[in-house]
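The chains referred to below are lettered A, B, ... by the order of the sequence lines, with proteins before strands, and numbering in each begins at 1. The basis for the numbers below is simple: all heavy atoms, side chains too, and nothing from hydrogens, waters or symmetry mates.
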Amino acid sequence: MNAKQDLQSHPNYAVIYGLLLALVFISFGFYMIKSKVIATALIFLVAFIKAAMVGSFFMHLKFEPKTILTIVLSSLFVVVLVLFGLIPDIVYQFGRM
Amino acid sequence: MSQSVTYNDKQFEPGLISSGRLGMWWFLASEITIFGPIIAAFVLLRFRHPEWAEQAKHALTVMGFINTLVLITSSYTVVLAHQCAERNDDARAKKFLFFTIILGSVFLVIKGLEYAYKIREGFIPGTHLYWGFYFFMTGLHALHVIIGLVIMASFLVGYQHQKARIGHIGLYWHLVDIVWIFLFPLLYLEA
């Protein structure tokens, strides 16, 4: 494994870890915001950023062949389908009962 | 190293990824389709029922926050174990694997303390749908943590035979971490 490949397969994990810790504290700070709508939106934005960082760098998705990304996205697509499939019953129908 | 993995983000070339790693990614995809819909259903129900925030006040946010730090740290140590194993630094690889097991165990102890408090105070499934979701989602997640710990302990015992698979268990562990990254704000930081 040459130096370039090693850098690709193993980026600077300490920096990623430090950023993740900072984001955990930041999201906890957002919890203190009075507007709950804004707080929730910011907290989940940070959660998506943290998940993307873990996936991209710790799981090496950023450096994997596109096949792997396709596998992951196809499973996420199923989740999105379920989400939109449930909206009519849970958010509207169930709410009326 | 019996099998080296070459990374290439420019194009797909068959043969660049080992069958073991490919199989692990398919397994993780199936895990996403298990956790994803449960989380999606909970998110929609929470949108419809803002009054569930009253239940979330009893979720022990500080303990959930500590567990988030513990699990993210364990993700860091397991990726270092993988890095050291690939560089044939076996002593450090085993050390980081051991640290990961310790951190995973700490996570479970804290989770156990949380469960004990909630059961003692009567916040259990059957009293409110929120607690049904809480115990199911965190219980399923804790089961994944236990399975990961058992596999990592077996890797530590039979290190020479399992060395090439540390990257695989690392992938699994990171997914467990990602699931918690979403469970924490959903269940503990509810607005």
Side-chain angles (χ1 to χ4, degrees), chain A residues 1 5-6 8-10 13-14 16-17 20-21 23-25 27-28 30-31 33 35-40 43-44 46-48 50-51 54-55 57-72 74-76 78-87 89-92 94-95, chain B residues 1 4-9 11-14 16-17 21-22 25-26 28-33 35-37 39-41 43-45 47-50 53 61 65 68-69 72-73 75-76 78-80 82-83 86-87 167 170-171 173-175 177-179 181-182 184-186 188-191:
Chain A
M1 184 183 286
Q5 283 175 330
D6 190 48
Q8 278 191 333
S9 58
H10 297 295
Y13 295 126
I16 308 297
Y17 173 60
L20 284 169
L21 284 187
L23 287 172
V24 172
F25 282 95
S27 64
F28 198 65
F30 287 152
Y31 180 55
I33 294 175
S35 169
K36 293 301 176 189
V37 175
I38 294 172
T40 304
I43 285 167
F44 278 95
V46 171
F48 276 104
K50 282 188 288 187
V54 172
F57 298 106
F58 283 179
M59 298 174 89
H60 301 151
L61 263 178
K62 186 173 163 59
F63 313 109
E64 292 282 20
K66 284 179 180 170
T67 307
I68 300 299
L69 194 61
T70 308
I71 291 170
V72 174
S74 63
S75 64
L76 289 174
V78 172
V79 177
V80 172
L81 275 184
V82 171
L83 185 72
F84 282 97
L86 289 176
I87 283 176
D89 282 320
I90 293 182
V91 176
Y92 296 109
F94 184 72
Chain B
M1 198 165 20
S4 64
V5 178
T6 306
Y7 297 92
N8 185 341
D9 61 341
Q11 59 182 346
F12 168 62
E13 291 176 31
L16 278 177
I17 186 161
R21 198 168 172 84
L22 186 63
W25 274 109
W26 273 114
L28 296 184
S30 72
E31 290 286 301
I32 291 170
T33 58
F35 279 104
I39 290 173
V43 167
L44 292 177
L45 283 166
F47 268 117
R48 193 68 194 89
H49 298 281
T61 306
F65 177 73
T68 304
L69 296 177
I72 284 178
T73 305
S75 248
Y76 177 54
V78 81
V79 83
L80 290 180
H82 176 212
Q83 183 182 38
E86 275 204 346
R87 290 174 178 171
L171 285 176
W173 197 253
H174 297 314
L175 184 79
D177 184 23
I178 287 176
V179 170
I181 282 173
F182 287 105
F184 175 60
L186 275 174
Y188 295 83
L189 298 180
E190 296 216 43

**Q** Would you check, one step at a time, whether the test side chain to side chain contact (heavy atoms under 4.5 Å, CB included) holds for Leu186(B) with Phe44(A)?
**A** CA-CA 9 Å; Leu186(B) 275 174; Phe44(A) 278 95; 3.6 Å; yes
**Q** Quick check: closest heavy atoms across Phe184(B) and Phe28(A), and the distance to 0.1 Å?
**A** CZ-CD1, 4.4 Å
**Q** Under 4.5 Å, counting heavy-atom pairs only, tell me which of Leu22(B), Val78(B), Ile178(B) racks up the most with chain A.
**A** Ile178(B)
**Q** What's the separation between atom CZ in Phe35(B) and atom OG in Ser75(A), rounded to the nearest 0.5 Å?
**A** 13.0 Å
**Q** What class does the angle between the rings of His174(B) and Phe58(A) fall in, given that below 30° is parallel, 30 to 60° is tilted and above 60° is perpendicular?
**A** tilted
**Q** Under 4.5 Å, counting heavy-atom pairs only, tell me which of Ile71(A), Leu81(A), Val79(A) racks up the most with chain B.
**A** Ile71(A)
**Q** Considering only heavy atoms, which portion of Phe47(B) lies under 4.5 Å from any heavy atom of chain A: side chain, backbone, both, or neither?
**A** neither
**Q** Which region of Ser30(B), side chain (C-beta onward) or backbone (N, CA, C, O), has a non-hydrogen atom less than 4.5 Å from a non-hydrogen atom of chain A, or is it both or neither?
**A** neither
**Q** So what's closer than 4.5 Å to chain B heavy atoms on Val24(A): side chain, backbone, both or neither?
**A** both
**Q** Of the backbone (N, CA, C, O) and the side chain (C-beta and beyond), which part of Phe30(A) lies under 4.5 Å from a heavy atom of chain B, both, or neither?
**A** neither
**Q** Non-hydrogen atoms of chain A under 4.5 Å away: do they reach the side chain of Thr68(B), the backbone, both or neither?
**A** side chain
**Q** For the CG atom of Asp177(B) and the CG atom of Leu20(A), what is their distance to the nearest 0.5 Å?
**A** 7.5 Å
**Q** Which atoms of Leu61(A) are under 4.5 Å from chain B, going by heavy atoms: the side chain, the backbone, both sets, or neither?
**A** side chain
**Q** With a 4.5 Å heavy-atom cut-off, do Ile17(B) and Thr67(A) have their side chains touching?
**A** no
**Q** Please name the pair of heavy atoms, one in Arg21(B) and one in Met59(A), separated by the smallest distance, quoted to 0.1 Å.
**A** NH2-O, 3.8 Å
**Q** For the residue pair Phe25(A) and Phe65(B), categorise the inter-ring angle as parallel (less than 30°), tilted (30 to 60°) or perpendicular (more than 60°).
**A** perpendicular
**Q** Mind listing the closest non-hydrogen atom pair of Leu44(B) and Leu83(A) along with its distance?
**A** CD1-O, 3.4 Å
**Q** Looking only at heavy atoms, what is the nearest atom pair of Pro185(B) and Ile43(A), with distance?
**A** CB-CG2, 3.4 Å
**Q** Counting only non-hydrogen atoms closer than 4.5 Å, does Leu86(A) touch chain B with its backbone (N, CA, C, O), its side chain (CB onward), both, or neither?
**A** both
**Q** What I'd like to find out is whether the side chain of Tyr17(A) reaches to under 4.5 Å of the side chain of Thr73(B), using heavy atoms alone.
**A** yes
**Q** For chain B, which candidate among Leu69(A), Val54(A), Val46(A) shows the most heavy-atom pairs at distances under 4.5 Å?
**A** Val54(A)
**Q** Could you tell me which portion of Ile39(B) (side chain, backbone, both or neither) has an atom closer than 4.5 angstrom to a non-hydrogen atom of chain A?
**A** neither
